[in-house]
Structures are given as structure tokens and as C-alpha cells.
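Order of listing sets the numbers, starting from 1, for every ligand and every atom in it. Nothing here was measured: the structure is a model prediction, and the numbers come from that model.
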Amino acid sequence: MKILNFGSLNIDYVYSVEHFLRGGETLSSDRLDIFCGGKGLNQSVALKKSGIEVYHAGALGESDGAFLLDFLDETGVNLEFVRKLPMKSGHAIIQKNPEGQNCIMLYGGANQNIERSQVDAVLEHFEEGDFIVLQNEISEIGYIMEKAHEKGLRIVLNPSPMDSKIFTYPLDYVELLILNEIEAGDLLSSTIENAAKIDAEIKPKSTGLQAQGDVLIKQLSSRFRHMKILLTLGDDGSIYRDADTIIKQGIYRVDVVDTTAAGDTFTGFFIGAIAEGKSEKEALELAAKAASISVSRQGAAPSIPDKKEVLSWDF
Ligand code: RIB
């Protein structure tokens, strides 16, 4: 069984700021750091660091993408299916505030130039039972899902960043959906006719994200009956639900330096552990630990720990 991650590769420009920019404001930043990032790249790094082999497919710029390739190569990600294109790599302009929270603006670049011919060529190397991991930062996701489903691949979708394209994808083919509470709310309000009903259910009962999470995961499971769903809730942890089980996982407290890629670390470690045959409970615990370590460090991909470190970390 192989794992393919067809996803974005970004150069992250991280500006440390006192507060996030407001409309019309000009603000000086204290510091600029440049990191490897992109939800695709971060998740490939997390998958590999969780201890499994991963093939990354995607596209980057031939003139500015070398540093992303070098990083992935050093991490041990298989790069056979990454194309170099005569254009800029994708990048992210990230504002990071003193609390370690971020605001991200994306430029798709090569990520938005994935072609169907590349998809077909990549998928020829995979077969029934292999996993394919997808986010929403590259072009042709719907086509990739169609073709992956035809071949019997097991589709994991992290619909992030959420936008209207998600509703054009064949979501019925998804085996495991991994998303946060905001994405869950967006997905539900646009797919269930009566969005007001969801609001009515969530808002009055809200005593915190856990309460919202309980309602959201119930709604998601009833809308997407065949799917396994993993809902992340920031500081309130996560909830996993499939046909037989519901499992809740808390977070491990650390001093927060930078939250960028915490979700990607969680996603990669969870999928990696499941692919290795661990139970959902074990996978959730490992993923929560890995994500906590990542927020205690600067940057996206460079902040992701390996499994040995996760297992030996003293929380
Ligand atoms: O999830 C974090 C990532 O989102 C960053 O690395 C940035 O590139 C954006 O894709």
C-alpha cells in the first residue's frame, strides 16, 4: 500500500507584526523569515516524519522552487511526481502576531497549473487500496478525485482553504474528511438546505468549541453518511467519528510560538499512523502530540517533529 499526496508547494514569507493589518493601514514588520510551506508540502513532511513512505505530486517554479525540493529531498519525501514549470512557485504571505497566531494570503503560482495529463501520468503508478491525500490548494482536485476513485484509491480530503470549489468536487468519494470547525460550518451551511437550522442548533447550546464540535460532527456524519470524519477544534482538541465510534482527543499544552502548520502536522501524523495500522485512538494521540510540538517552534514545515521526538517529548 502506497501513500500519494497530491498537493501544494509554497514559499512562506512570514512577517512578524504587532497586530494583523487593518484595511487601509500601513504597518512595519519586525522580522521576515522565509520557510518551506504549503499545506501539501507540510502534510508530506508530516507523513514522512510520522514514519511512512510518501510520494508527493505537484508543481513548482523552475527558477525559485529549488529550495522546496531540497527540503523535501532531505526529509526523504519521494519527489518523482513533482513537476517544474516555467512560472513562479506558489507562495504565502503570512502575518504572525506576538501570540503566534497567523493570517495567510496565498498566491497559487505553479500550484494552480496542475494539468490533467500530469494527473493521469501520476495515477498510473498507484493502485486499488493506496491512499491519496488532498487539500484545496491546487487546481484539478475534482478531476484527481474522479480518477483516483476510478482506480479504487482511498481518498483523504482536507478541504483547506475552504472555498466554493469544494462544492464542485465529488465529495461522495471521500473516505476520510479532515477539517476544522470553520470549514465544517461552511461545508454544512452550503450543503444542507436549511442553514438557519444549523445555526439554531449550534449557537444557543454553545458553551465552547467542544459543544459546537459535538453538533458539527453529528451534522457532518448525517450529511456525509459514508465518511469517516476528523474535526479539529484548535485548543479544544479534536473529535473523530465513523460508523462505529466517536473518539475525543485533547491537546497537549506548550508555549505557543507559531501555529502555522499545526493542522498539517496533525493531519499528516494521523494519516501516517492509520496507514501504519494503528487504531484511531492511538493515531489521534500521536497527531495531537506532534501538532503541539510544531506550535512551540517557528515556521511551517521546519517546525514539524519526527516520530522519535514525538514519542520522547516530555509534555
Ligand atoms: O497550513 C499552513 C500553510 O498554509 C502554510 O505553510 C502556507 O503556505 C499555507 O498554504
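- Those atoms of ligand 1 with a heavy atom of Leu106 less than 4.0 angstrom away are 9 (C), 10 (O).
- Distance from atom 2 (C) of ligand 1 to its nearest protein heavy atom, with residue and atom name: Asp264 OD2, 3.4 Å.
- Remark: ligand 1 atoms within the under-4.0 Å shell around heavy atoms of Ala300 are 6 (O).
- Listed by number with element, the atoms of ligand 1 under 4.0 Å from a non-hydrogen atom of Ala92 are 7 (C), 8 (O).
- Aromatic ring pairs are classed by plane angle as parallel below 30°, tilted from 30° to 60° and perpendicular above 60°; the pair Phe266 and Phe270 is parallel.
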Identify all side-chain donor-acceptor contacts of residues 66-83 below 3.5 Å with residues at least two apart in sequence or on another chain.
| residue | atom | partner | partner atom | Å |
| --- | --- | --- | --- | --- |
| Thr75 | OG1 | Phe71 | O | 2.7 |
| Asn78 | OD1 | Glu80 | N | 2.9 |

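- Near Glu137, the atoms of ligand 1 lying under 4.0 angstrom from a non-hydrogen atom of the residue are 4 (O), 9 (C), 10 (O).
- Here is the list of ligand 1 atoms found below 4.0 Å of a heavy atom in Asn42: 2 (C), 3 (C), 5 (C), 6 (O).
- Two different hydrophobic clusters hold Leu134 and Leu41 under the rule that ILVMFWY side chains link at heavy-atom gaps under 4.5 Å.
- Here the protein heavy atom with the shortest distance to atom 4 (O) of ligand 1 is Lys39 NZ, 3.0 Å.
- In this structure His91 satisfies the ring-ring contact (aromatic ring centres under 6.0 Å, His included) test together with Tyr13, Tyr107, sequence neighbours excluded.
- A side-chain contact (heavy atoms from CB on, under 4.5 Å) with Leu230 is found for one member of Ile274, Leu284, Asn158, Thr267 and no other, namely Leu284.
- A donor-acceptor pair shorter than 3.5 Å can be found between the side chains of Thr260 and Asp258.
- Remark: ligand 1 and Ile94 share no N or O pair separated by less than 3.5 Å (distance only, no angle test).
- Summarising the geometry, atom CD1 belonging to Ile271 is positioned 6.0 Å from atom CD belonging to Gln43; distances are rounded to the nearest 0.5 Å.
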Q) Stepwise, does the side chain to side chain contact (heavy atoms under 4.5 Å, CB included) test hold for Phe126 with Ile132? A) CA-CA 9 Å; Phe126 295 87; Ile132 182 165; over 6 Å; no

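- The protein atom (non-hydrogen) at minimum distance from atom 5 (C) of ligand 1 is Asp12 OD2, 3.3 Å.
- For the ligand labelled ligand 1, residue Gly263 lies outside the 4.0 Å heavy-atom shell.
- Close approach of ligand 1 to Gly37 is summarised as follows: ligand atoms under 4.0 Å from at least one heavy atom of the residue are 6 (O), 8 (O).
- Not a single heavy atom of Ile11 sits under 4.0 Å from any atom of ligand 1.
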